[in-house]
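Comments concern the structure below.
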Amino acid sequence: MSTTVVEAWTERPLVRFVAQSSARIVVVMTPAGQVLAQHGFTRAVDLMSASALGAAIMASSGALAQQVGEAGFGALYHAGQRHGIHLAGCDTPRGRLIVLTVFGKETSIGLVQLFHDEFVTALRQAAPAMEERKPILAADFESELNKSLSSLFRR
Amino acid sequence: MTDRLSRSLDRISRVRGVRGSMFVAAEDGIMVVQLLMEGVNGRAVAAFAASLARKVSGAAAATGAGKVRFIQMAAEGGTLLVAQAPPELLVVAVADPGVNVGLARLEMMRAAEGAAR
């Protein structure tokens, strides 16, 4: 399984997190679903759908949290028969990020949570300050998306 | 249930040298009930103890040793004790290197039996 990154500063923390937690899949993305780094995916279409779904889950759970008077939920954990899914947001100098982790029976949610905290600390330390946002244009969006996919899957 | 588990932990923690004890969800590696001295990282202990128990159980099964009931890991700075509390829990204790393991084990096995009831 390979680790690929769009933004180089995410690589070392991600590689370490994967090694420590024994996670099968990890995606680091923005709340909009833009992927910054990933481990475990081999097909772009799978990665893009997972990141879109992860971002959507975080958005909808955030809205639900607001409805019950919470600022937001810290993390979400889904326990499946063969896989567990851990989804959590974190604030970094690069802006808010979402980390999606999929793990199997060879590890546990306890270990994933433990090393996730270390991963977030490492991301915060490595993250560059957020650049000023530019207006998003349709043409830019497509070229940015293609650039990201090229970086992630070396096309 | 939680009161009963807490009382069991209280008895384990009275053994001289025990720094803390907890019930851990065996599959998840998450604390269920805990009684820890300050400075003991309960989350880390729970996660690693569950991982250790899983790996030791795998090794025991591979060698035909059968079910693991108790694990003792002695290190330079301390001792980690893990007892299986079927079907889903582990009793975990963190102790000083010189702890009376026999006494701690006795209380841990009692706690495991109590949790299974």
Side-chain angles (χ1 to χ4, degrees), chain A residues 1 12-26 28 39-40 54 57 61 70 72-91 99-125, chain B residues 2 5 9 19-36 38-63 67-68 71 73 75 78 80-94 112 115:
Chain A
M1 287 288 181
R12 277 182 72 172
L14 177 59
V15 168
R16 190 173 161 81
F17 175 55
V18 168
Q20 287 180 322
S21 68
S22 300
R24 292 185 183 179
I25 289 171
V26 181
V28 182
H39 170 87
I57 291 168
S61 66
E70 287 287 331
F73 291 124
L76 298 165
Y77 165 54
H78 295 271
Q81 289 278 328
R82 291 180 299 122
H83 295 97
I85 298 171
H86 183 261
L87 192 61
C90 62
D91 291 311
V99 180
L100 168 70
T101 308
V102 180
F103 57 95
K105 293 287 179 194
E106 62 278 11
T107 185
S108 67
I109 181 62
L111 283 173
V112 169
Q113 281 181 337
L114 188 70
F115 291 120
H116 177 269
D117 291 350
E118 287 184 19
F119 181 40
V120 168
T121 304
L123 283 176
R124 283 188 183 130
Q125 286 170 350
Chain B
T2 309
L5 297 181
L9 294 185
R19 295 180 204 157
S21 58
M22 63 182 90
F23 281 96
V24 175
E27 195 173 326
D28 294 340
I30 291 176
M31 286 184 289
V32 178
V33 187
Q34 81 210 38
L35 190 59
L36 301 169
E38 212 167 300
V40 178
N41 185 344
R43 282 183 67 192
V45 171
F48 285 120
S51 174
L52 177 72
R54 203 165 40 242
K55 286 183 169 68
V56 171
S57 294
T63 54
K67 281 187 180 173
V68 174
I71 302 165
M73 191 186 80
L80 178 71
L81 305 170
V82 183
Q84 299 275 1
E88 293 170 337
L89 294 177
L90 300 171
V91 187
V92 178
V94 184

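In what follows, every chain begins at residue 1, and chains take the letters A, B, ... in the order their sequences are listed.
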For residues 109-118 of chain A against chain B, heavy atoms under 4.5 Å, the residues are A:Ile109, A:Gly110, A:Leu111, A:Gln113, A:Leu114, A:Phe115, A:Asp117
### Message
Can a donor-acceptor pair be found, under 3.5 Å and without considering hydrogens, that links the side chain of B:Ser57 to the backbone of B:Ala53?
### Response
yes
For B:Ser21, the side-chain hydrogen bond (donor to acceptor under 3.5 Å, both in side chains) test, sequence neighbours excluded, returns B:Ser13
To the nearest 0.5 Å, atom CD1 of A:Ile57 lies from atom CZ of A:Phe73 at 13.5 Å
dist B:Leu90:CG -> B:Leu52:CG (nearest 0.5 Å) comes out at 9.5 Å
d(A:His78 NE2, A:Ile85 CD1) to nearest 0.5 Å is 6.5 Å
Sub-3.5 Å donor-acceptor pair from the side chain of A:Arg82 to the main-chain atoms of A:Lys105, do we have one? no
Heavy-atom closest pair (B:Leu89 atom, B:Ala115 atom, distance to 0.1 Å) is CD1-CB, 4.3 Å
Honestly, the part of B:Arg43 sitting under 4.5 Å from a heavy atom of chain A is both
To the nearest 0.5 Å, atom OG of A:Ser21 lies from atom CD of A:Glu106 at 9.5 Å
Taking a cut-off of under 4.5 angstrom between non-hydrogen atoms, the residues of residues 22-30 of chain B near chain A are B:Glu27, B:Asp28, B:Gly29, B:Ile30
Rounded to the nearest 0.5 Å, the CG atom of A:Leu123 sits from the SG atom of A:Cys90 at a distance of 6.0 Å
Under 4.5 Å to a heavy atom of chain A? For B:Ala46 that would be neither
Hits for ring-ring contact (aromatic ring centres under 6.0 Å, His included) against A:Phe119, two or more places apart or cross-chain, chain-then-number order -> A:Phe17
